[in-house]
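Reviewing the structure listed below.
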Amino acid sequence: PQVVVFPPTRLLKDLESTEQTPAHSPWWLTALRMLLAALIIFALARPVLNPDRESFAGEGPLLLVVDNGWASAAHWAERREAIEAAIDRAGRGGRTIVLAPTAPGQPVSDPISADEARERIAGLTPEPYAPDRKALAATLERDHGAKTGYSVVFLSDGLDYGEGPEFAATLKKLA
């Protein structure tokens, strides 16, 4: 047997590479990458392609009165979509929002931003009670009765609990 030294690096040094890397990418590839990056940024910005041209009446905050009693549970998903649409429209208009659920024991919020309203709406669920519109009307008159010019949106459950005209009159005073 004879010992032979194997020189792998010398063999690899003599090999020529057939693949060459250019110093810069072609112009069309750079343009395509920039276009894709711009489209991703545009999509993440969530643009409004067809904004609502309608606005709420009044100059003040949006008063969003929501029936969240037992009768509203059947169509709660549609009601939540309507609430979110009203909050989005008020947010685009730069208005603050006053949330007023009608279920007993639910507090009326102070004027809050659209983002804060979305957070509060996330926790709003139908309650197993009838709405107490008379107590809500008293609370609204006490806390917000001195101010007018509210844009009032009332999402009713469709039932009249005997206090409809008085509640409508209270909301009309605030509007």
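Below, each value reflects all heavy atoms present in this structure, side chains not excepted, and no hydrogens, waters or symmetry copies.
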Nearest 0.5 Å, please: how far is [atom2] in [Y] from [atom1] in [X]?
| X | Y | atom1 | atom2 | result |
| --- | --- | --- | --- | --- |
| L32 | W28 | CG | CH2 | 7.5 Å |
| L35 | F42 | CG | CZ | 12.0 Å |
| R89 | S151 | CZ | OG | 10.0 Å |
| I83 | R120 | CD1 | CZ | 14.0 Å |

Q. Given R118, which of I112, I97, I87 fulfils the side chain to side chain contact (heavy atoms under 4.5 Å, CB included) condition?
A.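 Result: among I112, I97, I87, I87 is the only option passing the side chain to side chain contact (heavy atoms under 4.5 Å, CB included) with R118.
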
(Q) Given V108, which partner from the list L99, V98, V65, L63 fulfils the side chain to side chain contact (heavy atoms under 4.5 Å, CB included) test? (A)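 For V108, the side chain to side chain contact (heavy atoms under 4.5 Å, CB included) check succeeds only for V98.
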
Q) Looking only at heavy atoms, what is the nearest atom pair of P107 and P101, with distance? A)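 Looks like O-CD, 3.6 Å.
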
When you compare the side chain of [Y] with that of [X], does any pair of heavy atoms fall below 4.5 Å?
| X | Y | answer |
| --- | --- | --- |
| S25 | R33 | yes |
| S156 | R133 | yes |
| D157 | H75 | no |
| L140 | L136 | yes |
| P126 | W70 | no |
| W76 | N68 | yes |
| E166 | K134 | no |
| L62 | V153 | yes |

Q. Between K173 and E141, is there a side-chain N and carboxylate O pair less than 4.0 Å apart?
A.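 Yes, this pair counts.
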
Q. Is a side-chain N or O of R80 found less than 3.5 angstrom from the main chain of L124, in a donor-acceptor match?
A.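 Answer holds: yes.
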
Q) Can a donor-acceptor pair be found between the side chains of T102 and D67 at a distance below 3.5 Å? A)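 Note: T102 and D67 side chains meet the donor-acceptor criterion.
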
Q) Do M34 and L36 belong together in a cluster built from hydrophobic side chains that touch within less than 4.5 Å? A)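 No.
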
